[in-house]
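Nothing fancy with the numbering, it's 1 onward along the sequence.
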Amino acid sequence: TGTGVDPAPFAGVLKLGPTGGEQARWPAPTGVQPQHIAVDDDGMVAVVLTPTASPTAPAPASFPGTLVRFDAKIGPAEDWLEAEVPLAEEIEIDALTPLPDGSLLAVDTAGINPDDPDTTTLFRIDPMTGAVEEIVALGDRLGASPIGAGVAVDESGEILLADAPRNRVLRLNPAGDVVGELGGLQPGQLASPQGADLGPDGRLYVYDPATAQVVIFERDGRMAAAWDVLHDHPFGLPTLNNMSIADDATVVMTHLSPGTAVILSPAGEVVDEWTPPINPNPEQGEPQIFDPNRIAMFDGRLSVTIMQGPIIATYALDGELVDTWPVEFLEALDVTATADAVYALVTVASNDDGASPTTTPGNRAVQVQRLVGDDVEVVTTFDLGNLDERRPDFFPYRFTVAPDGSVFLSDPFTRQIRKLDAEGNTVGQWELPPDANVEFGSSLSLEADDTRLYVTDSALRQVLVYEVTE
C-alpha cells in the first residue's frame, strides 16, 4: 500500500491495471480461498478454489479444488460457485494457465503429500464443459518425474514447465513431447548435496535428495558413477536424508515420509528395504513411527537417530531392532562411527558450567559421546548457555571422527568448523568463506579419513576437500 501499514487480510481476486493500481477486488466466499488463477485473451478468468482451515474444520492435506470462471470486466456473482465448471474427472490442480485454443492447461504435480501422484501429469480442461483430457504423464516418458508447478505457454502452444530439483525448465510441444530444456544439471552435478560417506575403496559417495541420486567420486575428484535411487515411494520423489556405507561396500540409505531404510548392493541395486516401528522402551507406550534422521554403520549394524525420540536406535540390516543408546539426552543431532566405536552428537540440559544435568529452563550444552560396549563416555562438552536468551557463538549441528580420534564439528549458521583432538581439546578452527548465494543454515555435513576432511556444502552445491595437517 506504500503507507507503511499492513493491509487488512484479504482472500479473493484483485484486478490491477498496467501500472499496478487496483481496479477491482472480489472477496472469495466464506470457507474457500483462491489457489490458482488464469486469464485468457478474451478476459475470462479461471480460478481454482480450495477450502480454508478453521479450528473446527482444518483444511485437508490435499484437495482437488473447485474451478470457477467469470468475465474480468464484470467479476464473479455473489455466490462464486454459481460459476463453477464441474470437472468430468477429479484432478488436483497445482498450476493453471490458458492455452492458445481457449482451453486451460492444468498441472497435477508429483510431490510429498500423501495424495500426490508419483508423476507430474498435464491435463487439458474445456472451460465450457469441464471435460478433462490427459496430455502427458511426464514420469512415464522421463523416468524421473519433474517436481514443480511453474508453467507457461507461448503463442505456438509450446509448454514451459519448471523442474525445480533438477534446475531446469522443460520445453514440451502441444502433444506433451519433451523437445528440449533450459538449464539443467550435467551428469553427476550436485543440486543440493546433504552428506557423504567414504567407501572401503576410498571413493567418496555423495547423496543428493534433490536429484534422488548417489554420486561417486574418485579421490582426485573425477566422477566414477551416478546412481538413481528411486524406489516405490508412496509420496512421490523419495526424500533421501542420510547414507552410510558398510565395510563390504553395502550402502544403506534412509528416506523420510514415511521412514524407510533402503539397502543397496555395492553396484547400486536395491536389494532390500524396510520400515519398522520402534518401541525401545515398552514403558513409553505405543510404538513410535520410524522417522530416521542421521545414520552410521558400525560392525554390520545401523545406528539411527530417531527424530521423534530422543532416541538413537541400533538395527540389524534386516530391520530388527537390536538396542538403543543407553543414556538420556534432549536431542540427537548426528551420529557417526569409526572402526572402533560409535559416536553421537547430542544436546543435554546443563548448569552454567555445561557439565551436569539441571532443570534450569533454556540452559543447554552439546556433547560428543562415545559408546564403548554398554558404556557411554563424554568426549567433550560445549556449553551453549541459555538458548531462550541468545544464540551461542558456536552451535555444532554436524560432526565426524577421523581414524586417529580427532573430532571435527560444523555450525551451518556461522559456517564455522572446529577440530578437536582425541581428548576433546580444541586444536584448530576456521570459517568457511561466505558466497553471494549462500543460505546460512544450509547443511554442512562432514566426513574424514587419515589425511582429508570432506565438507558437503549444500548451499554451494559442492564438496569442499581440506588436507588435514597437524
Side-chain angles (χ1 to χ4, degrees), residues 35-41 44 46-48 50 62-67 69 85-187 191 209-213 228-239:
Q35 193 73 19
H36 306 288
I37 189 169
V39 185
D40 65 22
D41 291 339
M44 295 300 296
V47 180
V48 178
T50 59
S62 179
F63 182 76
T66 299
L67 182 66
R69 192 166 179 262
V85 180
L87 299 183
E89 179 182 342
E90 186 176 280
I91 60 172
E92 183 172 349
I93 299 174
D94 294 309
L96 195 68
T97 195
L99 290 166
D101 63 3
S103 60
L104 296 169
L105 173 68
V107 181
D108 188 359
T109 185
I112 61 172
N113 291 320
D115 294 331
D116 282 346
D118 291 334
T119 181
T120 292
T121 304
L122 307 185
F123 296 92
R124 178 181 288 103
I125 299 176
D126 186 323
M128 302 300 293
T129 66
V132 176
E133 175 191 358
E134 180 178 311
I135 299 175
V136 62
L138 284 168
D140 297 339
R141 297 195 182 184
L142 298 178
S145 183
I147 307 296
V151 66
V153 178
D154 68 11
E155 295 177 353
S156 69
E158 182 172 277
I159 301 166
L160 301 173
L161 180 69
D163 185 8
R166 299 170 186 85
N167 293 342
R168 64 181 178 176
V169 174
L170 292 173
R171 295 175 51 232
L172 297 88
N173 64 21
D177 300 311
V178 177
V179 296
E181 66 178 51
L182 308 174
L185 299 171
Q186 299 301 314
T211 60
Q213 281 192 332
D228 289 324
V229 190
L230 296 168
H231 67 293
D232 187 14
H233 193 277
F235 293 177
L237 183 70
T239 47

Undergrad: Output the distance between atom CE (Met128) and atom CE (Met44), rounded to the nearest 0.5 Å.
TA: 7.5 Å
Undergrad: Taking side-chain hydrogen bond (donor to acceptor under 3.5 Å, both in side chains) as the test, write out the residues that go with Asp101, two or more places apart.
TA: Ser103
Undergrad: To the nearest 0.5 Å, what is the distance between CD1 on Ile93 and CD1 on Ile125?
TA: 4.0 Å
Undergrad: Which heavy-atom pair separates Pro174 from Gly157 by the least distance, and what is that distance?
TA: CG-O, 3.6 Å
Undergrad: Do Leu160 and Arg171 come within less than 4.5 Å of each other through their side chains, counting heavy atoms only?
TA: yes
Undergrad: Please report the interatomic distance CG(Leu170) to CD1(Ile159), rounded to the nearest 0.5 Å.
TA: 11.0 Å
Undergrad: Do Leu96 and Leu67 come close enough that some side-chain heavy atom pair is under 4.5 Å?
TA: yes
Undergrad: Measuring from Asp108:CG to Leu138:CG, what's the distance to the nearest 0.5 Å?
TA: 11.5 Å
Undergrad: Output the distance between atom CG (Leu182) and atom CZ (Arg168), rounded to the nearest 0.5 Å.
TA: 11.0 Å
Undergrad: Nearest 0.5 Å, please: how far is OG1 in Thr97 from CG in Leu104?
TA: 8.5 Å
Undergrad: Is there a side-chain contact between Pro100 and Val153 in this structure, where contact means two heavy atoms from C-beta onward sitting under 4.5 Å apart?
TA: yes
Undergrad: Hey, mind stepping through Arg69 and Asp40 against salt bridge (Lys or Arg N to Asp or Glu O under 4.0 Å) and telling me if it holds?
TA: CA-CA 11 Å; Arg69 192 166 179 262; Asp40 65 22; 3.6 Å; yes
Undergrad: Can you name the closest pair of heavy atoms from Ile91 and Ala106 and give their distance?
TA: CD1-CB, 4.3 Å
Undergrad: Do Thr120 and Leu161 touch side chain to side chain, with heavy atoms closer than 4.5 Å?
TA: yes
Undergrad: Considering all heavy atoms of both residues, which atom of Phe123 and which atom of Glu89 are nearest to each other, and what is their separation?
TA: CE2-OE2, 4.2 Å
Undergrad: Return the set of residues passing side chain to side chain contact (heavy atoms under 4.5 Å, CB included) with Val39 (not counting sequence neighbours), or none when no residue passes.
TA: Val45
